[in-house]
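Worksheet for the structure shown next.
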Amino acid sequence: MKRILSLLLCLLLLLGCGSSAQSVYEHPAFTASLPEPFEPVSGVQMICFAPYGDPLLSSSITFSATELNWYFDQFTDGEYESALKALCGYDSLTLLEKTPCKVDGYDAYRIACKVDLEQGTHDLILYAIAADRTYFFTLLNREGDAYIDAFDTMIQSVRFKEGA
């Protein structure tokens with residue numbers, strides 16, 4: 001089961017990236033206020049947002065969900081780092097912190113990493129949320145961009161829908 005979670009995390013990171021001015025994004029399972037200037041990216045197979053909807057060499061926010069994982073609290077810092085590094089092919093990924101938190105009243109983790117890509121060193125922020133399913137919101141904050149605070153604010157605006 002850990003491998004499935006790891007593969008999903010890898011997919012989120014590899015695809016990077018699918019409303020501006022705090023527009024509200026409506027999903028069947030949740031709503032969230034998108035940070036300015038993020039807009040949905042079209043033509044991708046996952047839910048992805050990028051500044052002005054253009055993911056080319058810009059920061060991106062992605063979303064995915066899996067069945068609720070019984071081992072949610074059992075992943076260690078080292079397991080997150082190793083899985084992301086090995087499965088995603090990053091030569092350099094450093095886990096900076098894994099902080100327990102709450103999102104819309106549900107248990108969650110905020111996981112902060114640094115990744116080295118061809119375009120430079122980037123911040124990677126992942127929220128893993130255990131609600132009726134396990135939800136993953138990921139920000140790949142490209143070097144020179146400053147979207148981490150806006151992403152954290154967006155996460156606090158997430159509201160899960162009953163029976164979704």
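For the single chain, residues carry numbers from 1 onward in sequence order.
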What's the separation between atom OG1 in Thr62 and atom CZ in Phe49, rounded to the nearest 0.5 Å? 9.5 Å
How long is the span from the OG atom in Ser23 to the CD atom in Glu36, to the nearest 0.5 Å? 9.5 Å
Can you tell me how far apart CZ (Phe136) and CG (Leu126) are? Round to the nearest 0.5 Å. 7.0 Å
Do Cys101 and Ile155 have side chains that get closer than 4.5 Å, going by heavy atoms? no
Heavy-atom side-chain contact between His122 and Lys114 under 4.5 Å: no
Output for pair (Asp132 CG, Glu67 CD), nearest 0.5 Å, gives 9.0 Å
Can you name the residues that form a side chain to side chain contact (heavy atoms under 4.5 Å, CB included) with Asn141, not counting sequence neighbours? Ser59, Asp123, Leu139, Asp145, Tyr147, Ile148
How long is the span from the CD1 atom in Ile111 to the CG atom in Leu124, to the nearest 0.5 Å? 9.0 Å
Near-ring test Phe151/Tyr127, centroid separation under 6.0 angstrom: yes
In the structure I gave you, are the side-chain heavy atoms of Leu140 and Val115 within less than 4.5 Å of one another anywhere? yes
I'd like to know if the side chain of Asp104 reaches the main chain of Phe160, judged simply by a donor and an acceptor atom lying under 3.5 Å from each other, with no hydrogens or angles considered. yes
Answer yes if the ring centres of Phe63 and Tyr25 are under 6.0 angstrom apart, and no otherwise. no
Distance col, row Asp77:CG vs Ser82:OG, nearest 0.5 angstrom, shows 10.5 Å
Hey, does Glu39 have a side-chain heavy atom less than 4.5 Å from the side chain of Leu34? no
Is Lys161 close to His27 at the side-chain level, that is, under 4.5 Å between some pair of heavy atoms? no
Within a strict 4.5 Å, meaning less than it, do heavy atoms of the Leu117 and Glu143 side chains meet? no
Correct closest heavy-atom pair for Ser33 and Val24 would be OG-CG2, 3.9 Å
How far apart are the closest heavy atoms of Ile125 and Ala112, and which atoms are they? CD1-CB, 3.7 Å
Minimum-distance pair of heavy atoms, taken over all atoms of Leu68 and Ala131: CD1-O, 3.4 Å
Is a donor on one side and an acceptor on the other found under 3.5 Å between the side chain of Arg159 and the backbone of Thr31? no
Does this structure show an ion pair linking Glu79 with Lys98, if we count only N-O contacts that are shorter than 4.0 Å? no
So, do Phe38 and Pro51 sit near enough that their side-chain heavy atoms are less than 4.5 Å apart? yes
Between Tyr135 and Ala29, which heavy-atom pair has the shortest distance, and what is it? OH-CB, 3.7 Å
